[in-house]
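See structure below.
Residue numbers start from 1 in every chain, and the chains themselves are labelled A, B, ... in the order their sequence lines are given, proteins ahead of strands.
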2 protein chains.
Amino acid sequence: MNISAKSKYAVRALVELAQRNGDQPVPIADISSRKEIPLQFLEQLFSSLRKAGILNSHRGVRGGFSFKMMPEDVSVLDVVEALDGTVAPASCTIGAPCDKQETCSVQDVWVDAKSSLEAVLSEATIGDLAQKESLMKNSTKEMYYI
Amino acid sequence: MNISAKSKYAVRALVELAQRNGDQPVPIADISSRKEIPLQFLEQLFSSLRKAGILNSHRGVRGGFSFKMMPEDVSVLDVVEALDGTVAPASCTIGAPCDKQETCSVQDVWVDAKSSLEAVLSEATIGDLAQKESLMKNSTKEMYYI
DNA sequence: CATAAACCCTATAATACTTATCGAAATTAT
DNA sequence: ATAATTTCGATAAGTATTATAGGGTTTATG
């Protein structure tokens, strides 16, 4: 019952990328150092996100990653599903009814749990988070000036 | 992002136990064979549930387990927490703010996810599930008679 | 009191999954 | 040509989950 470090890293990294979203693609190394995420690990994550259609990659000098989808359209659920697969907290929620027992009232609970998780995670988008983060940074800065 | 087999086993086992709830404690071996759960593994689970105050145990001949709490008062969340620990989908939801970054808007998402999971899992009780299961069994039986 | 039926406990094996690293190859702007 | 990048596959390292083993303790019962 844990969202993997993969997903957590990826969301943080995408928020960073969204904040820098300009004409130029951003190299992984930048994000890696800023967000304290192992470089080669992040490489794998962004590669998956590219395959999932969320990011674009550009090789070579001045290469890097940029958003293919708009950050406001990328939900946290999208990210988690791209990296960890379906968010089902129990296997019998995925498809076939619980293989062990014919009658299984318990299944409904896991299905509900899955739905509610999906609902929460699909509401939050990378765009939102990036905006919030910017606001937070500003307000903490202000704390020093006031 | 998975509820462990432990928890899933345990919930199924408790539902079975609730259905047999009488004067006599029920031996683990019974539940193990009925629900196709490895005996010694189930032993560990029930031991944890006893320590969590959900079950009573009775040693010796005619011993076994019985509910200490009433099945209607035992939520699925209680069971999952007893076995898997807190249901937090991400570590920074547990206590201290995310250790990597001062400003972390992402944290809110995991906190929300946790809350919504807890809500769903605390609504379903072992008592409810046992009752549902009994109804399901009956209705499938009836299918043959009609 | 002897016995068998049960739980109790600790250790550890087996398995799977997650996280992380390595190194070489392909691409591309300059 | 070169240096900055992504790309890819392999695999190491670490951790957690699942399962098994074996001996110990309690207790109803005859």
Working note: A:Ile31 + A:Glu16, criterion side chain to side chain contact (heavy atoms under 4.5 Å, CB included); need CA distance, chi angles, decisive distance, verdict.
CA-CA 7 Å; A:Ile31 297 180; A:Glu16 175 75 16; 4.2 Å; yes
SB check B:Lys6 B:Glu81 (cutoff 4.0 Å)
no
Give the C-alpha distance, both sets of side-chain angles, the deciding distance and a yes or no for side chain to side chain donor-acceptor pair (under 3.5 Å) between A:Asp84 and A:Ser4.
CA-CA 7 Å; A:Asp84 290 341; A:Ser4 70; 2.6 Å; yes
Closest-nucleotide mapping onto DNA chain C: is A:Phe41 or B:Arg59 further toward the 5' terminus? I mean the 5' end.
B:Arg59
Measure across A:Phe65 and A:Leu17 and return the closest heavy-atom pair with its distance rounded to 0.1 Å.
O-CD1, 3.6 Å
If you find the nucleotide of DNA chain D closest to A:Gly60 and the one closest to A:Lys51, which residue's nucleotide is nearer the 5' end?
A:Gly60
Test A:Ser115 against A:Asp112 for side chain to side chain donor-acceptor pair (under 3.5 Å), laying out the working first.
CA-CA 5 Å; A:Ser115 306; A:Asp112 290 350; 5.2 Å; no
Quick check for you: name the first and last nucleotides of DNA chain D, 5' to 3', having an atom under 4.0 Å from a heavy atom of chain A.
D:dA3 to D:dA10
Does the salt bridge (Lys or Arg N to Asp or Glu O under 4.0 Å) test come out yes or no for A:Lys8 and A:Glu36, once each step is laid out?
CA-CA 12 Å; A:Lys8 292 191 280 180; A:Glu36 303 176 54; over 6 Å; no
With a 4.0 Å cut-off on heavy atoms, is A:Ile28 in touch with a base, just the backbone sugar-phosphate, or nothing at all?
sugar-phosphate
Flag the pair A:Glu133 and A:Lys35 as a salt bridge only when some basic side-chain nitrogen lies within less than 4.0 angstrom of an acidic carboxylate oxygen.
yes
Hits for side-chain contact (heavy atoms from CB on, under 4.5 Å) against A:Asp73, two or more places apart or cross-chain, chain-then-number order -> A:Met69, A:Met70
Contact interval (first through last nucleotide) of DNA chain C with protein chain B, 4.0 Å heavy-atom:
C:dA4 to C:dA11
Starting at the 5' end of DNA chain C and moving along, which residue's nearest nucleotide shows up first, A:Gln40 or B:Phe46?
B:Phe46
